[in-house]
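Worksheet: one structure, shown below.
The shown structure was predicted, so the numbers you read here are calculated from the model rather than taken from an experiment.
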Amino acid sequence: CGMSTKDAVSERVRLRRHAERGSYDPEVIEGILDEAYFCHVGFVAEGHPVVLPTVHVRLGDWLYLHGAAANAMFAACAGQTVCVTATILDGLVLARSVYDHSMNFRSVVVFGVAEDVVDAEEKRDALRALVDHVVAGRSLEAKEPSELELKATRVLRVSIDEASAKVRTGPPKDAAANLALGVWAGVVPLRLVAGEPVQDVQVAGDIPLPGYLQPERLASRHRRGESRPADFPG
């Protein structure tokens with residue numbers, strides 16, 4: 001992602017409100033995209049704004065998205081500029097004053113043209129990566145798409161050259177006049193936690209739980225947020 005300096009930032013992604021929380025550092029942007037399980041894609045279809053959630057994966061400087069080839073709204077993305085957002089919620093920030101309540105979060109906004117992925121091998125690579133983005137190692141075991149299933153799936157890619165991150169960390173920011181109020185204030189940390197896997201009743205034979213679904217392996221995915229940037233002001 002070629003946005004390591006502020007001079008390279010486009011006006012579409014330049015942060016204005018709470019600019020101190022912004023980052024154009026590729027490592028910050030990529031880290032958030034890699035940790036978030038899904039994103040929202042905003043585009044215009046038949047003159048109307050549409051926002052759809054979908055699974056994404058980052059490979060290098062590209063963000064890959066997928067959906068059904070027959071989905072008219074998703075098909076409308078192809079060839080047009082889209083806005084892709086991903087957000088990770090890290091905590092509820094409870095201030096003494098309602099006005100100063102907030103949330104700790106990490107988010108990314110990407111603007112770019114959604115390009116159809118037509119090369120079959122690139123499409124398969126993207127779909128494998130999408131599966132592994134959700135559960136690392138799953139693509140090595142699960143059956144790959146057939147030619148018919150591949151044709152029924154649309155894969156788009158968006159360059160992440162035009163992107164920015166916004167991060168809030170830390171405690172409430174109450175006005176000095178409110179600090180003496182007799183109201184509890186602080187942060188309620190939030191994190192995504194994987195539950196115990198529930199086996200499908202139609203699993204053929206006595207198949208043990210795969211290693212990538214063992215609790216410790218699953219927990220490692222949900223500990224990524226512990227390495228979130230610590231140098232951002234609240």
Within the 4.5 Å heavy-atom criterion, are [X] and [Y] side-chain neighbours or not?
| X | Y | result |
| --- | --- | --- |
| Arg128 | Asp125 | yes |
| Glu149 | Glu144 | no |
| Glu115 | Leu156 | no |
| Cys39 | Val84 | yes |
| Ser159 | Trp62 | yes |
| His56 | Tyr64 | no |
| Tyr212 | Val135 | yes |
| Leu209 | Pro197 | yes |

Indicate whether the side chain of Asp132 and that of Ser139 have a donor and an acceptor atom separated by less than 3.5 Å.
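Yes, a side-chain donor-acceptor pair sits under 3.5 Å.
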
Would you please say whether a donor-acceptor pair under 3.5 Å links the side chains of Arg96 and Asn178?
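No pair is found: no donor N or O on one side chain lies under 3.5 Å from an acceptor on the other.
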
Donor-acceptor list for residues 66-74 side chains, cut-off 3.5 Å, not counting sequence neighbours:
residue : atom : partner : partner atom : Å
Asn71   : OD1  : Met73   : N            : 3.0
Asn71   : OD1  : Phe74   : N            : 3.0

Nearest 0.5 Å, what's the [atom1]-[atom2] distance between [X] and [Y]?
| X | Y | atom1 | atom2 | answer |
| --- | --- | --- | --- | --- |
| Cys77 | Phe43 | SG | CZ | 4.0 Å |
| Ile29 | Asp161 | CD1 | CG | 10.0 Å |
| Thr85 | Lys166 | OG1 | NZ | 13.0 Å |
| Asp119 | Arg124 | CG | CZ | 11.0 Å |
| Leu150 | Leu127 | CG | CG | 6.5 Å |
| Thr153 | Lys123 | OG1 | NZ | 6.0 Å |

Restricting to non-hydrogen atoms, name the atom on [X] and the atom on [Y] that form the minimum distance, rounded to 0.1 Å.
| X | Y | answer |
| --- | --- | --- |
| Gln199 | Ile207 | OE1-O, 3.7 Å |
| Asp174 | Ala185 | OD2-CB, 4.4 Å |
| Ser107 | Thr87 | CB-OG1, 3.7 Å |
| Ala78 | Asp116 | CB-OD2, 3.5 Å |
| Leu33 | Ala86 | CD2-CB, 4.1 Å |
| Ile32 | Ala165 | CD1-CB, 4.0 Å |

Find out if a path of hydrophobic residues (ILVMFWY) with successive side-chain heavy-atom gaps under 4.5 Å connects [X] to [Y].
| X | Y | answer |
| --- | --- | --- |
| Leu130 | Leu59 | yes |
| Val134 | Leu213 | yes |
| Met103 | Leu190 | yes |
| Val113 | Val158 | no |

Just checking [X]: does its [atom1] atom have more than 12 heavy atoms from other residues, nucleotides or ligands closer to it than 6.0 angstrom?
| X | atom1 | result |
| --- | --- | --- |
| Glu27 | CD | no |
| Leu148 | CG | no |
| Asp200 | CG | yes |

How far apart are the C-alpha atoms of Arg157 and Leu63, what are their side-chain angles, what is the distance that settles it, and do they pass the side-chain contact (heavy atoms from CB on, under 4.5 Å) test?
CA-CA 5 Å; Arg157 67 179 191 177; Leu63 196 62; over 6 Å; no

Do you know which of Ile88, Leu92, Val93 makes side-chain contact (heavy atoms from CB on, under 4.5 Å) with Asn104?
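Among Ile88, Leu92, Val93, the one that satisfies the side-chain contact (heavy atoms from CB on, under 4.5 Å) with Asn104 is Val93.
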
Decide side-chain contact (heavy atoms from CB on, under 4.5 Å) for Phe111 and Val82; before the verdict, give the C-alpha distance in whole Å, the side-chain angles of both, and the deciding distance to 0.1 Å.
CA-CA 6 Å; Phe111 280 97; Val82 298; over 6 Å; no

Is it true that a side-chain atom of [X] and a backbone atom of [Y] form a donor plus acceptor pair closer than 3.5 Å?
| X | Y | answer |
| --- | --- | --- |
| Asp90 | Arg191 | no |
| His48 | Val44 | no |
| Arg138 | Leu140 | no |

In sequence, state the C-alpha distance, the side-chain angles, and the governing distance for Glu122 and Val155, and then conclude on side-chain contact (heavy atoms from CB on, under 4.5 Å).
CA-CA 9 Å; Glu122 182 181 3; Val155 176; over 6 Å; no

Side-chain ion pair, Arg58 and Glu35, N-O less than 4.0 Å:
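Salt bridge flag = no for Glu35 with Arg58.
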
Mind checking whether Tyr37 and His133 have parallel, tilted or perpendicular rings, split at 30° and 60°?
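Rings of Tyr37 and His133: perpendicular, over 60°.
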
Are Cys83 and Val109 close enough, and set up right, to give a side-chain contact (heavy atoms from CB on, under 4.5 Å), and what steps lead you there?
CA-CA 7 Å; Cys83 178; Val109 174; 3.8 Å; yes

